Amino acid sequence: MTIIIGAGLSGLLVAYRLKQAGKKVKIIEARSRIGGRIHTLLSQGYTPVEMGATWLWNTNKNLIRLLKELNLSVFEQYMNGPAYVQYFSNSPAQPVDIPPQEVSYRIVGGTTALIQKLANVLTEEELILDEAVHSIDHKSDVLHIQTNTSSYLAEQVVLALPPRLITGNIHFEPGLPEEIIEIAQNTHTWMEDSIKVALTYKEAFWRKRNLAGAVFSNSGPINEFYDQTNTEETTFALCGFMNSAYKTLTKAEREGKTREQMTQVFGQEAANYLSYEETVWANEIFTSPASSSALFPHQNNGNPVYQKALFNGKLFFCSAECSPQTPGYMDGAVYMAEDVVKRMNNF
């Protein structure tokens, strides 16, 4: 039996591959949902908005191969027309033609479509939600896993979690090497300092005005906003990133500042939204430890220590941050999962 801790992209892909090989698996997820930092939220009117991972690029070969295998399609991020750019806090946003750039793509049906495809092969007994792992003991060639409600035995364990969560939330016996603890505690977790916000609309008024729907501001509160209309053009939204300094405000206060800024940029039409959605990832305890200190983006991501199995080939690190390729992104999560499965088969 292999137990995978974490039902994000990397954890679900490990389970998917092991089941293909006829192996017994079980995933333990602390949240009440799957996906981790892939979180397509269905807003009012069933408008999908991406509160986590959103884009991929032609260079993401690992992710592209997986999407083709699963018969999932992508479509180009809408960037037709000028974007609004605010260079200084005391100056209004100005429409600017977007220069040629690398094309970004989104997954048809939202990034959650990828998560659901992988999870569909798992039974209710193989996918356990609402259980947080507290300890892992290596005894007599078997790993003992203790959660907040249950205990399990496993021949191998895959840690599909951000490294800082591993060392901060799970007790190991014997303890992890000091080198790994030090590096893990100083490994940046993708999205941990992000605030994603979205406004949904009855129609894409910006497209009717031949605008890209994109906003870039050096002062905020919204630093980046993008069109998030679905590929069928039946649901409409603007979605992006708020300055992380606003995490101490209430949701109502953040909504008010978003409405004010977007009305200044687009006019009164922007205030006539159907719903406001947000995810403050710093408040997600299963993404960002409460006591975590600020780190540089991608700090220690892909560190070689994460490519080493522990406990005589029974314990593996597996998250986007651990990947030596495109660390911190969906493509990195896919690469790491595929690599871990290969290494597991060698023990």
Side-chain angles (χ1 to χ4, degrees), residues 37 39 41 43 47-60 75-106 111 188 190-201 203-230 236-247 249 253-273 276-282 294 296-298 328-330:
R37 287 163 287 169
H39 184 27
L41 189 153
S43 183
T47 300
V49 288
E50 301 289 5
M51 293 287 99
T54 305
W55 298 285
L56 63 145
W57 297 268
N58 285 321
T59 53
N60 294 165
F75 65 106
E76 190 173 326
Q77 169 66 43
Y78 185 86
M79 292 294 281
N80 298 342
Y84 276 99
V85 179
Q86 184 181 28
Y87 296 102
F88 306 103
S89 59
N90 59 352
S91 63
Q94 300 291 331
V96 175
D97 289 333
I98 302 171
Q101 57 188 313
E102 184 180 8
V103 176
S104 304
Y105 298 92
R106 290 163 50 203
T111 50
H188 179 261
W190 177 78
M191 291 298 293
E192 71 177 355
D193 44 8
S194 296
I195 302 175
K196 289 289 294 282
V197 302
L199 298 174
T200 69
Y201 293 92
E203 61 181 6
F205 65 84
W206 55 94
R207 292 195 181 193
K208 292 186 175 182
R209 289 159 55 182
N210 296 316
L211 297 170
V215 178
F216 303 97
S217 172
N218 291 330
S219 58
I222 300 299
N223 296 131
E224 299 178 23
F225 235 29
Y226 300 92
D227 177 298
Q228 205 157 105
T229 302
N230 64 355
F236 313 97
L238 294 172
C239 183
F241 295 88
M242 176 177 279
N243 189 309
S244 61
Y246 290 84
K247 66 183 179 182
L249 301 184
E253 288 172 331
R254 284 188 292 270
E255 178 179 357
K257 290 187 176 297
T258 301
R259 180 175 59 250
E260 179 182 6
Q261 184 182 0
M262 291 304 105
T263 302
Q264 289 174 350
V265 171
F266 292 109
Q268 190 58 38
E269 281 183 298
N272 299 325
Y273 54 87
Y276 167 84
E277 306 294 344
E278 69 169 28
T279 296
V280 182
W281 287 97
F296 295 112
H298 298 294
Y329 297 98
M330 288 189 287

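The structure presented is a predicted model; accordingly, all values stated were derived computationally and were not measured. Sequence positions, counted from 1, serve as the residue numbers for this chain.
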May I ask you to test the [X]-[Y] pair for a side-chain heavy-atom distance under 4.5 Å?
| X | Y | result |
| --- | --- | --- |
| Ile98 | Met79 | yes |
| Leu249 | Lys257 | yes |
| Asn58 | Tyr105 | yes |
| Cys239 | Met51 | yes |
| Phe296 | His188 | no |
| Asn223 | Met242 | no |
| Glu278 | Lys196 | no |

If you compare all heavy atoms of [X] against all heavy atoms of [Y], which two are closest, and at what distance to 0.1 Å?
| X | Y | value |
| --- | --- | --- |
| Leu211 | Tyr84 | CD1-CE1, 3.8 Å |
| Ala212 | Gly81 | CB-O, 3.5 Å |
| Gly220 | Gln86 | O-OE1, 4.2 Å |

Using the ring-ring contact (aromatic ring centres under 6.0 Å, His included) criterion, which residues pair with [X]? Sequence neighbours excluded.
| X | answer |
| --- | --- |
| Trp281 | none |
| Phe236 | none |
| Tyr201 | Phe205, Trp206 |

How would you list, by chain and number, every residue that makes a side-chain hydrogen bond (donor to acceptor under 3.5 Å, both in side chains) with [X], sequence neighbours excluded?
| X | value |
| --- | --- |
| Glu203 | Lys208 |
| Thr47 | none |
| Glu269 | Arg209 |
| Ser43 | Ser275, Glu277 |

For the [atom1] atom of [X] and the [atom2] atom of [Y], what is their distance to the nearest 0.5 Å?
| X | Y | atom1 | atom2 | value |
| --- | --- | --- | --- | --- |
| Tyr78 | Thr229 | OH | OG1 | 8.0 Å |
| Glu50 | Thr279 | CD | OG1 | 11.0 Å |
| Ser104 | Trp57 | OG | CH2 | 5.5 Å |
| Thr200 | Gln228 | OG1 | CD | 11.0 Å |

N/O donor-acceptor pair under 3.5 Å between [X] side chain and [Y] backbone:
| X | Y | answer |
| --- | --- | --- |
| Glu76 | Val103 | no |
| Thr54 | Gly52 | yes |
| Arg37 | Trp190 | yes |

Item to check | Full working for side chain to side chain contact (heavy atoms under 4.5 Å, CB included) between Val280 and Arg254 | outcome: CA-CA 10 Å; Val280 182; Arg254 284 188 292 270; 3.5 Å; yes
Checklist outcome for this item: Residues pairing under salt bridge (charged side-chain N to carboxylate O under 4.0 Å, His left out) where one sits in residues 94-104, two or more places apart or in two chains, turn out to be none
Checklist entry - Could you give all pairs that pass the salt bridge (charged side-chain N to carboxylate O under 4.0 Å, His left out) test and reach residues 215-227, with sequence neighbours left out? => result Arg207-Asp227
Item to check | Audit row: Val197, Tyr276, side chain to side chain contact (heavy atoms under 4.5 Å, CB included) steps and yes/no | outcome: CA-CA 7 Å; Val197 302; Tyr276 167 84; 3.4 Å; yes
Side chains of residues 260-267: which donor-acceptor partners sit under 3.5 Å, not counting sequence neighbours?
from	atom 1	to	atom 2	distance (Å)
Gln261	OE1	Ile222	N	2.6
Gln261	NE2	Ile222	O	3.1
Thr263	OG1	Arg259	O	2.7

Next on the checklist: Is the distance between the ring centroids of Tyr87 and Phe216 under 6.0 Å?
Outcome noted: no
Next on the checklist: Can you list everything that forms a salt bridge (charged side-chain N to carboxylate O under 4.0 Å, His left out) with Arg106? Sequence neighbours excluded, please.
Outcome noted: none
Checklist outcome for this item: Across all chains, not counting sequence neighbours, the salt bridge (charged side-chain N to carboxylate O under 4.0 Å, His left out) partners of Asp193 are none
Checklist entry - Passes side chain to side chain contact (heavy atoms under 4.5 Å, CB included), Phe241 versus Ser194? Steps please. => result CA-CA 7 Å; Phe241 295 88; Ser194 296; 4.2 Å; yes
